[in-house]
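Beneath this line is the structure, given in structure tokens, with notes to follow.
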Amino acid sequence: MDQIKDFKVAVVQAGSVVMNKEQGIEKVIRLLREAKEKQAKIIVFPEAFIPAYPRGMSFGTVVGSRSAQGREDFRNYLNQSIEVPGPEIETLSKVIKEISAYVIIGVIEKDTTSKGTLYCTALFFGPDGQLLGKHRKLKPTGSERLIWGEGDGSTMPVFDTPFGKIGSLICWENYMPLARASMYAKGIQIYIAPTADARDTWISTMRHIAVEGRCFVLSCNQYSTKEMYPEEISSRPEFQSLENELTSGGSCIVNPLGEFIAEPVYGEEKIIYADINLDQIAESKFDFDVVGHYARPDIFQLTVNEKEQENVVWK
């Protein structure tokens with residue numbers, strides 16, 4: 001595969017059309033076409049962009065109890081999530097083929113077998129519009145565990161493309177050292193980190209990963225406000241104490257030496273662009289290569305189970 005060393009990337013900091021997958025896909029299409037005008041070759045969307053990262057929602061749950069309203073909320077969330085493959089994937093594929101870029105987008109994926117489990121998933125599309133694969137979040141954080149299942153090792157791909165090797169870990173998976181090590185061992189060069197975390201500590205993590213993995217890191221968060229929620233949800237008592245700005249952003253792009261090539265952006269919806277030169281990766285590995293000359297496999301080894309886990313096996 002011929003490699004293209006110089007190219008433009010785009011990180012889309014925007015808010016979901018909460019609990020409305022049809023309008024959410026329309027927003028994605030509009031933003032994709034905007035990024036296409038800037039000749040972006042890799043376009044990244046935030047975690048759980050379709051149908052939403054449901055920040056502020058309790059789903060009627062306290063320890064030992066679930067409410068009828070919470071069950072209705074989950075049913076609605078389930079119904080607004082997408083199956084992979086499915087009609088929403090077909091719609092996105094057609095538009096992505098039109099813009100001819102690699103696209104990584106966070107969705108809530110509905111299990112096609114049980115029809116009752118949701119996964120926080122990053123989808124990877126090629127410039128021909130084909131779905132290359134997906135990564136399911138391995139460990140939902142905190143209250144996310146009420147609404148999302150856990151992915152397994154079968155969806156931890158790194159794709160070899162003309163623009164380098166592309167892979168992703170989602171949000172606080174990036175705090176899992178062994179998960180990062182598995183990405184580095186696959187030679188990741190364009191490290192995609194969709195998130196829902198706008199704290200300063202997240203930015204420190206993105207710079208650390210870039211230095212540790214000697215890779216470009218594209219961090220993508222939403223900018224979201226209460227107005228983006230249906231009034232039936234945002235008017236609930238549990239929302240009254242929350243600030244209007246629910247997620248402030250902080251999306252950024254970092255080079256392999258941990259330097260910003262696109263500073264964190266806060267307080268607005270914005271597409272962030274940066275020019276990447278893959279030669280910087282080779283230069284950065286001169287003095288540190290975490291899976292090469294700086295590794296000690298005689299002391300440390302990692303075993304990764306990439307087999308799909310099945311509840312029932314027919315023989």
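All heavy atoms count here, side chains included; hydrogens, waters and symmetry mates do not. This structure is a prediction, so every number in the text was calculated from the model and none was measured.
- In this structure, R33 pairs ionically with E98, as a charged nitrogen and a carboxylate oxygen lie closer than 4.0 Å.
- Between K137 and W172, every side-chain heavy-atom pair lies at or beyond the 4.5 Å cut-off.
- Using bins of under 30°, 30° to 60° and over 60° for the plane-to-plane angle, the ring pair Y102/F163 lands in the perpendicular bin.
- Considering only heavy atoms from C-beta on, I261 comes within 4.5 Å of F216 through its side chain.
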Practice task
Verify side chain to side chain donor-acceptor pair (under 3.5 Å) between S58 and E238, making sure each step is shown before the conclusion.
Solution key: CA-CA 8 Å; S58 69; E238 61 198 63; 3.2 Å; yes

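- Looking only at atom types and distance, the side chain of T225 has a donor-acceptor partner in the side chain of E227 under 3.5 Å away.
- Summarising the local packing, CG of N311 is surrounded by 12 or fewer heavy atoms from other residues, nucleotides or ligands at distances under 6.0 Å.
- Taking 4.5 Å as the limit, some side-chain heavy atom of C120 sits within range of a side-chain heavy atom of I170.
- Remark: R66 does not engage D73 in a salt bridge, criterion side-chain N to carboxylate O under 4.0 Å.
- In this structure the side chain of K110 reaches within 4.5 angstrom of the side chain of L118, judged on heavy atoms.
- No side-chain heavy atom of M156 sits under 4.5 Å from any side-chain heavy atom of E173.
- A side-chain N or O of R55 and one of T247 form a donor-acceptor pair less than 3.5 Å apart.
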Practice task
Output, in order, the C-alpha distance, side-chain angles, deciding distance and verdict of side chain to side chain donor-acceptor pair (under 3.5 Å) for S154 and D152.
Solution key: CA-CA 6 Å; S154 68; D152 61 30; 2.4 Å; yes

Exercise for the section: Take K41 and D6 through the test salt bridge (charged side-chain N to carboxylate O under 4.0 Å, His left out) and record every step on the way to the result. Expected result: CA-CA 10 Å; K41 300 303 182 184; D6 294 287; over 6 Å; no

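- A salt bridge is defined here as a Lys NZ or Arg NE, NH1 or NH2 lying under 4.0 Å from an Asp or Glu carboxylate O, and D275 with K8 meets this definition.
- Note on K27 versus E269: salt bridge recorded, some NZ/NE/NH1/NH2 to OD/OE distance being below 4.0 Å.
- Here the rule is side chain to side chain donor-acceptor pair (under 3.5 Å) with E150, and of R136, Q309, K139, R145 only K139 fits it.
- For CD of Q301, the number of neighbouring non-hydrogen atoms (other residues, nucleotides, ligands) closer than 6.0 Å is 12 at most.
- Using bins of under 30°, 30° to 60° and over 60° for the plane-to-plane angle, the ring pair Y77/F59 lands in the tilted bin.
- K226 NZ: more than 12 foreign heavy atoms inside a 6.0 Å radius.
- A pairwise comparison of heavy atoms in A35 and A10 identifies CB-CB, 4.2 Å as the closest pair.
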